[in-house]
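Beneath this line is the structure, given in structure tokens, with notes to follow.
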Amino acid sequence: MLKALVLDAFSRSAVETIQSLGRHGVEVHASAPENCLAFHSRRVHSRWEQPTTNEPRLFLEWLRRLDLEQGYSLIVPSTEYSLLALSKTAEEDVLRAKAQLPDSNALETAFDKWKTVVAAKACGIATPPTRLIESLSEVSAPESYPVVLKTARSLVRIGDEIIRMDSMLARDPIEWERFLRVLLPYTPVLEQPCLSGYGVGIEMLFRHGQLVWYFCHRRLHEGSGAGGLGSASWYRCSMEAPPDLLRQSTELMKRLCWHGVAMIEFLRASDGPYWLMEINPRLWGSVGLAIDAGVDFPWGLLLSATGQTLPPQPIYRVPYYARAIEEDARWMFGLARSKPLMGIRELVKVGRPVLGCESWDYFDWGDFGVAFAGTSQFLRQAGRSLQKRFRAASERRHARTLHQANVARIGPSKLTMRRLLFLCYGNICRSPFAEALARRLLPTLDICSAGFHPNSGRTSPVLFQACARSLGVDLTNHRSRSVSVEMVKSADIVLLMDFNNLEEFQHQYSDQLGKVLMLGMLVSPWSEIRDPYGTNVQQTIRVLEQAVAAIEGLTRWLETPS
């Protein structure tokens, strides 16, 4: 029996690949750093704990040992994390052959967005006006805004971590400069105009520079991406490949002597032209649409990897729709809140599977465990979200009432206050940033920070440190502290970041609530200063800007007599 290993099994494309190969009778193994949706699949024969790809050498040693033990016919890097590690192998390496990778020069062109632009122009393919920025001192600000900023590579090494970077929308010169100050120490950045339109993908399977199969789809529902630009598409439709796009894409990939799969991503601008945006050098998140419509790319990869003859170009169904139902449900309900009639019209389309012209990601009648686990997870998340929404109004009222009462009570004696304590959950992001900034603006006060997290000694995330540096705060040497009774009792004022912090403080230190102020309520308009942990650059910068404004508000309040 043929064996295949699907890496990065936490990804959408991994689940679809596992189900596709399993339906063909392949013994499928899956690996991920931790338990994930794919591990619920009955089509997974073996599950492996995948080491981090931050250290490519150690990851490849693990993969080589596993392959020697299991004898895989195909290895599928489902995301750029494992693909980047595999790209470090030699051209003749057996792992590279089993992963169906093109040569290093071709992969480098796909990884690097600037090199993609250059290669596309050489083929006469239209790309958005693009400027490569490598140094802030050597470039002038854009003439108009907004502009889109993209790191040259989607994955950027910052310190010991490899981090995925989202595109950012700079709406003015301040944002433009701030984003560049975060990114340029680590990577060149591409600047492009902000274009409107919809996405079109030309998906392809090549064998040593020759096109074997292709597929084309249009994005129908796609979010703007939380705090940034772009996102995966939650609802898509197959379409006939526009002849010019197919010809241009084929010529580009032939010039690269491509081997394996890739998706060439275009933007159909609102004024008509197609712009090439990037090359996705692996199986893409919406691969389930291609499979269900009639072009089974994972199976084609296995046939190619085992030296078998591939059937001719499949005739795929047009139009055929595919939906990521949980994510698309959020998209549609969001639309319904702002545009009820459009939202209702989109909800009606959920019935298309009854007509046999739509499928839902992961819904495989022979593998229902994945869909069940995914739906259960979605319902739990939705339940928690609804519960939080119902509680939010009362939490806001409670926090606001407590804050205003304490402002009035503390006010007459605030000029004599000497000790401030900033609290957040982990003491690795918001509170140390606030502490450092407050020390600078209020040098005569005794200022410290801590968190409710039980473990002390943790460092700030490397991406957060980079964002903090762009606002003039260095957290390199910061180590987290767990809050103690002594810290709270010795503080004159305790400043909290969000409503969860207030709930935790009230639970642990209810007798000290008279000291509490909500930092974000010391500025108008007020807001929670929400946890930026795990978010992207654009979201993190927004949180830090809120914190800066709030610290400035705190400074004015403390220095102004009542």
**Request:** Would you please name every residue forming a side-chain contact (heavy atoms from CB on, under 4.5 Å) with A85, sequence neighbours left out?
**Result:** P56, F59
**Prompt:** What residues form a ring pair (Phe, Tyr, Trp, His ring centres under 6.0 Å) with Y362, not counting sequence neighbours?
**Reply:** none
**Asked** Any side-chain donor paired with an acceptor under 3.5 Å for E222 and S233?
**Response** no
**Request:** Quick one: list whatever passes side chain to side chain donor-acceptor pair (under 3.5 Å) with W275, sequence neighbours left out.
**Result:** none
**Complete:** Hits for ring pair (Phe, Tyr, Trp, His ring centres under 6.0 Å) against W299, two or more places apart or cross-chain, chain-then-number order -> H24
**Message:** Give me each pair satisfying salt bridge (charged side-chain N to carboxylate O under 4.0 Å, His left out) with a member in residues 35-44, each pair once, sequence neighbours excluded.
**Reply:** R43-D364
**Test side chain to side chain donor-acceptor pair (under 3.5 Å) applied to K115 - qualifying residues, sequence neighbours left out** = E108
**Message:** Among residues at least two apart in sequence or on other chains, which ones pass side-chain contact (heavy atoms from CB on, under 4.5 Å) with E346?
**Reply:** H221, W331, M332, L335, K349
**side chain to side chain donor-acceptor pair (under 3.5 Å) against Q192, all qualifying residues, sequence neighbours excluded** = T130, K150
**Request:** Mind checking side-chain contact (heavy atoms from CB on, under 4.5 Å) for F372 and listing every partner two or more places apart, or none if nothing turns up?
**Result:** F368, S376
**Residues which pass ring pair (Phe, Tyr, Trp, His ring centres under 6.0 Å) with Y321, listed by chain and number, not counting sequence neighbours** = Y235
**Item:** side chain to side chain donor-acceptor pair (under 3.5 Å) partners of Y81, counting only residues at least two apart
**Value:** none
**Prompt:** Between H29 and Y72, what is the ring plane arrangement, given parallel below 30°, perpendicular above 60°, and tilted in between?
**Reply:** perpendicular
**side-chain contact (heavy atoms from CB on, under 4.5 Å) partners for A110, two or more places apart** = W258, I279, P281
